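In what follows, a structure is listed as structure tokens, so that the remarks can point back to it.
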Amino acid sequence: MTVAGAAAAAPKRRPEHARWALMFGNFVIGCGMMVVPGTLNDIARSLQVSVSLAGQLIAIGAATVCFGAPMLAGWVAGFDRRRLLALSLAGYAAGHALCAAMPSYAALWPIRAATMLGAAVFTPQAAAAIGFMSPPEHRGRDITFIFVGWSFASVFGLPLSAWIGESFGWRFAFAAVAGLAMLSALWVFAVVPNGVMPAGLTLAGWRQAFSSPLLMAIVTVTFLAGAGQFTIFSYFTPYYRDVLHASATESSLLLMWFGVFGLIGNVALSRLIDRIGAARAATGVVALMAISFLAWSFASGIVGIALALVPWGLGCFSAQSAQQARLSAAAPALAPALLALNTSAIYFGQAAGASSGGWLIAHRGYGVLSEAGLVWIVVAIALSVWATRVARRRRP
């Protein structure tokens with residue numbers, strides 16, 4: 001079958017094996033993103049830098065994906081997605097292996113930045129590829145399914161990296177991500193079919209995406225929600241140690257507790273989103289986060305924080321999935337650009353949240369993090385509601 005024939009046939013069947021491989025790929029990307037917050041205590045201790053400076057590794061990596069995703073989207077448009085996705089994961093593996101060998105913070109941060117280019121390619125292109133392969137009636141569900149991998153990363157990757165970091169050191173955690181990324185690259189190459197090539201976007205298409213206030217508002221919701229979350233999320237492990245005085249095991253259990261609800265939220269969303277609509281789902285899950293941020297200031301002790309984490313966990317990763325599906329439905333013809341921009345917004349939010357959280361810790365301490373995060377979240381909810389109303393007025 002020719003490339004064109006394969007591309008035409010792909011949307012007529014559900015790509016079951018590819019769905020699982022791409023979901024695992026997002027799991028690996030999530031583990032790589034979370035390996036820094038998970039091992040932040042040991043990175044700071046080992047490289048002899050402050051927690052706030054070590055936390056800037058999150059901002060550095062996030063900024064790379066933020067600016068890299070939309071710029072690379074145009075460059076990779078003509079690549080077969082089977083090879084592109086496998087190569088991006090292989091590069092991710094090599095980058096994490098190199099990071100594990102870096103002797104100092106000054107040597108580590110540029111390698112970390114380059115490594116995250118793999119995430120800049122994989123996350124949006126995996127979403128575009130699965131959307132291309134899926135029939136329209138299953139597209140929202142399939143896109144959200146592959147983002148369940150991020151939830152699995154929160155359940156297993158974040159607490160395991162924290163445990164490995166405290167038990168063996170951050171270098172072992174980075175090496176583990178490298179091994180998983182290479183395994184994922186081989187799996188993707190084995191099961192994603194040839195000829196998956198979503199249509200490239202012209203310059204006129206990019207202008208159309210950027211000139212739409214509605215579409216840019218939806219993308220901004222992703223940024224605001226990410227910034228609010230990563231104001232606190234980036235510093236979970238030092239917060240648990242310094243404020244809750246939690247042991248390494250207790251911190252890992254709290255991280256796993258959060259991740260379990262993240263998984264539950266994303267699985268539930270994948271089953272409901274085609275019925276309730278992506279816009280309503282996106283606003284609802286961001287509102288769940290606001291509940292946790294409100295409760296955070298009043299929670300005390302490990303049990304109190306664990307209870308406050310529940311709504312946030314349910315909304316955390318499902319928000320990303322809902323926003324991806326929301327944009328795909330809002331303008332299907334612009335999906336490649338919009339998914340790249342949304343990925344950029346995810347990581348721009350992480351960079352903004354990690355940077356502002358680090359500044360607040362250095363100048364005001366941990367106590368104000370939840371209040372600062374809540375401000376971001378409330379603005380995200382208001383903008384999401386506005387975008388939903390505008391979209392309803394425009395609908396025939």
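Because the structure is a prediction, the values reported are computed rather than measured. Quick note: numbers below take in every heavy atom, side chains included, and nothing from hydrogens, waters or symmetry partners.
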**OP:** Can you measure from OH (Tyr240) to CD (Glu250) and round to the nearest 0.5 angstrom?
**Re:** 12.0 Å

**OP:** Check for a donor-acceptor pair, side chain of Ser88 on one end and backbone N or O of Leu85 on the other, with a separation under 3.5 Å.
**Re:** yes

**OP:** Kindly indicate, with the supporting measurements, whether the criterion side-chain contact (heavy atoms from CB on, under 4.5 Å) is fulfilled by Leu374 and Trp296.
**Re:** CA-CA 10 Å; Leu374 181 60; Trp296 193 278; over 6 Å; no

**OP:** Identify the residue among Ile164, Leu98, Val36 that makes a side chain to side chain contact (heavy atoms under 4.5 Å, CB included) with Phe174.
**Re:** Val36

Original post:
Does the Ser292 side chain pair with the main chain of Ala308, one donor and one acceptor, at a distance under 3.5 Å?
Top reply: yes

Original post:
Can you tell me how far the CG atom of Leu224 sits from the CD atom of Gln229, to the nearest 0.5 Å?
Top reply: 11.5 Å

Original post:
Val285 and side chain to side chain contact (heavy atoms under 4.5 Å, CB included): which partner among Ser318, Cys316, Pro311?
Top reply: Ser318

**OP:** Taking all heavy atoms of Ala62 and all of Met33, pick out the closest pair and write down the distance.
**Re:** CB-CE, 4.1 Å

**OP:** State, to 0.1 Å, how close Ala352 and Ala227 come at their nearest heavy-atom pair, and which atoms those are.
**Re:** CB-CB, 4.3 Å

Original post:
Taking all non-hydrogen atoms of both residues, which atom of Ile381 and which atom of Ala287 are closest, and how far apart?
Top reply: CD1-CA, 3.7 Å

**OP:** Examine distances only and state if a side-chain atom of Arg81 and a backbone atom of Ala129 form a donor-acceptor pair shorter than 3.5 Å.
**Re:** no

Original post:
Is there side-chain contact between Ile346 and Asn342, with heavy atoms separated by less than 4.5 Å?
Top reply: yes

Original post:
Are Ile276 and Met289 connected in a single hydrophobic cluster, I mean Ile/Leu/Val/Met/Phe/Trp/Tyr linked by side-chain heavy atoms less than 4.5 Å apart?
Top reply: no

Original post:
Between the main-chain N or O of Ala354 and the side-chain N or O of Tyr235, is there a donor-acceptor pair closer than 3.5 Å?
Top reply: yes

Subject >> Derivation and outcome, side-chain contact (heavy atoms from CB on, under 4.5 Å), residues Val221 and Thr283 >> reply: CA-CA 9 Å; Val221 170; Thr283 303; over 6 Å; no

Original post:
Just by modelled atom types, is the Asp42 backbone N or O under 3.5 Å from a matching donor or acceptor in the Thr39 side chain?
Top reply: no

Subject >> Beyond-backbone contact of Leu47 with Trp170, side-chain heavy atoms, under 4.5 angstrom >> reply: yes

Original post:
Hey, any chance Val375 and Ile291 share a hydrophobic cluster, counting ILVMFWY side chains that come within less than 4.5 Å of each other, even indirectly?
Top reply: no

Subject >> Residue pair Ser247, Thr249: steps toward the side-chain hydrogen bond (donor to acceptor under 3.5 Å, both in side chains) verdict >> reply: CA-CA 5 Å; Ser247 66; Thr249 300; 4.7 Å; no

Original post:
Taking the six-membered ring of Phe189 as reference, does the NZ or CZ atom of Arg83 fall below 6.0 Å from its centre and within a 45° cone about the axis?
Top reply: no

Subject >> Partner residues of Trp163 under the side chain to side chain contact (heavy atoms under 4.5 Å, CB included) criterion, sequence neighbours left out >> reply: Ser167, Phe168, Ser252

Original post:
So which heavy atom on Val65 is nearest to which on Ala119, and how close?
Top reply: CG2-CB, 4.0 Å

**OP:** Inspect the surroundings of CZ in Phe348 and state if more than 12 heavy atoms from other residues, nucleotides or ligands are less than 6.0 Å away.
**Re:** no

**OP:** Please tell me if the side chains of Phe210 and Leu215 come closer than 4.5 Å, counting only heavy atoms from C-beta onward.
**Re:** no

**OP:** Determine whether more than 12 heavy atoms belonging to other residues, nucleotides or ligands lie under 6.0 Å from atom CZ of Arg171.
**Re:** yes

Subject >> Derivation of the side-chain contact (heavy atoms from CB on, under 4.5 Å) call for Phe145 and Met23 >> reply: CA-CA 7 Å; Phe145 177 83; Met23 188 267 281; 4.0 Å; yes

**OP:** Could you grab the distance from atom CD1 of Ile305 to atom CG of Leu254, nearest 0.5 Å is fine?
**Re:** 8.5 Å

Subject >> Hydrophobic cluster identity match, Trp359 and Phe233, side-chain contacts under 4.5 Å >> reply: yes

**OP:** Mark yes when over 12 heavy atoms from residues, nucleotides or ligands other than Tyr105 sit less than 6.0 Å from its OH; otherwise mark no.
**Re:** yes

Original post:
Going hydrophobic residue to hydrophobic residue with side-chain gaps under 4.5 angstrom, can you get from Leu87 over to Val192?
Top reply: no

Original post:
So, the side chain of Tyr92 versus the backbone of Ile29: is there a donor-acceptor pair under 3.5 Å, distance only?
Top reply: yes

**OP:** Drop me the distance from His96's NE2 to Met116's CE, to the nearest 0.5 angstrom.
**Re:** 6.5 Å

**OP:** Apply side-chain hydrogen bond (donor to acceptor under 3.5 Å, both in side chains) to Thr237 and Ser251, showing your working.
**Re:** CA-CA 7 Å; Thr237 51; Ser251 292; over 6 Å; no

**OP:** For the pair Gln323 (side chain) and Ile218 (backbone), establish whether a donor and an acceptor sit closer than 3.5 Å, ignoring hydrogens and angles.
**Re:** yes

**OP:** Tell me, with the steps shown, if Trp20 and Phe24 meet ring pair (Phe, Tyr, Trp, His ring centres under 6.0 Å).
**Re:** CA-CA 6 Å; Trp20 285 96; Phe24 184 73; over 10 Å; no

Original post:
Looking only at side chains, do Arg326 and Thr388 share a donor and an acceptor under 3.5 Å apart?
Top reply: yes

Subject >> Geometric class of the Phe223/Trp376 ring pair [parallel <30°, tilted 30-60°, perpendicular >60°] >> reply: perpendicular

Subject >> Distance in Å, Thr222 OG1 paired with Leu383 CG, rounded so as to fall on 0.5 Å steps >> reply: 10.0 Å

Original post:
So, for Ser234 and Leu40, which heavy atoms are closest and what is the spacing to 0.1 Å?
Top reply: O-CD2, 3.5 Å

Subject >> Heavy-atom donor-acceptor pair, Ser384 side chain to Ala380 backbone, under 3.5 Å >> reply: no

Original post:
For Val286 and Ala225, which heavy atoms make the closest approach, and how far apart are they?
Top reply: CG2-CB, 4.4 Å

Original post:
Would you find a donor on one side and an acceptor on the other, under 3.5 Å apart, between the side chain of Ser211 and the backbone of Gln208?
Top reply: yes

**OP:** Flag the pair Tyr239 / Phe236 as yes when their ring centroid distance falls below 6.0 Å, and as no otherwise.
**Re:** no

Original post:
Is the backbone of Ile60 close enough, under 3.5 Å, to the side chain of Thr64 for a donor and an acceptor to pair up by distance?
Top reply: yes

**OP:** Following the transitive rule for hydrophobic clusters with a side-chain heavy-atom cut-off under 4.5 Å over Ile, Leu, Val, Met, Phe, Trp and Tyr, establish whether Ile264 and Val267 coincide in one cluster.
**Re:** yes

Original post:
Are side-chain heavy atoms of Asn26 and Phe122 found at a separation under 4.5 Å?
Top reply: yes

Original post:
Would you call the rings of Phe293 and Trp312 parallel, tilted or perpendicular, where under 30° means parallel and over 60° means perpendicular?
Top reply: tilted

Original post:
With a cut-off of 6.0 Å (strictly less than), are more than 12 heavy atoms of other residues, nucleotides or ligands near CH2 of Trp187?
Top reply: yes

Original post:
How far does CG of Leu89 sit from CG of Leu183, to the nearest 0.5 angstrom?
Top reply: 10.0 Å

**OP:** Under the side-chain contact (heavy atoms from CB on, under 4.5 Å) rule, what do Glu166 and Arg45 come out as? Steps first, then yes or no, please.
**Re:** CA-CA 10 Å; Glu166 292 297 328; Arg45 181 170 56 244; 3.8 Å; yes

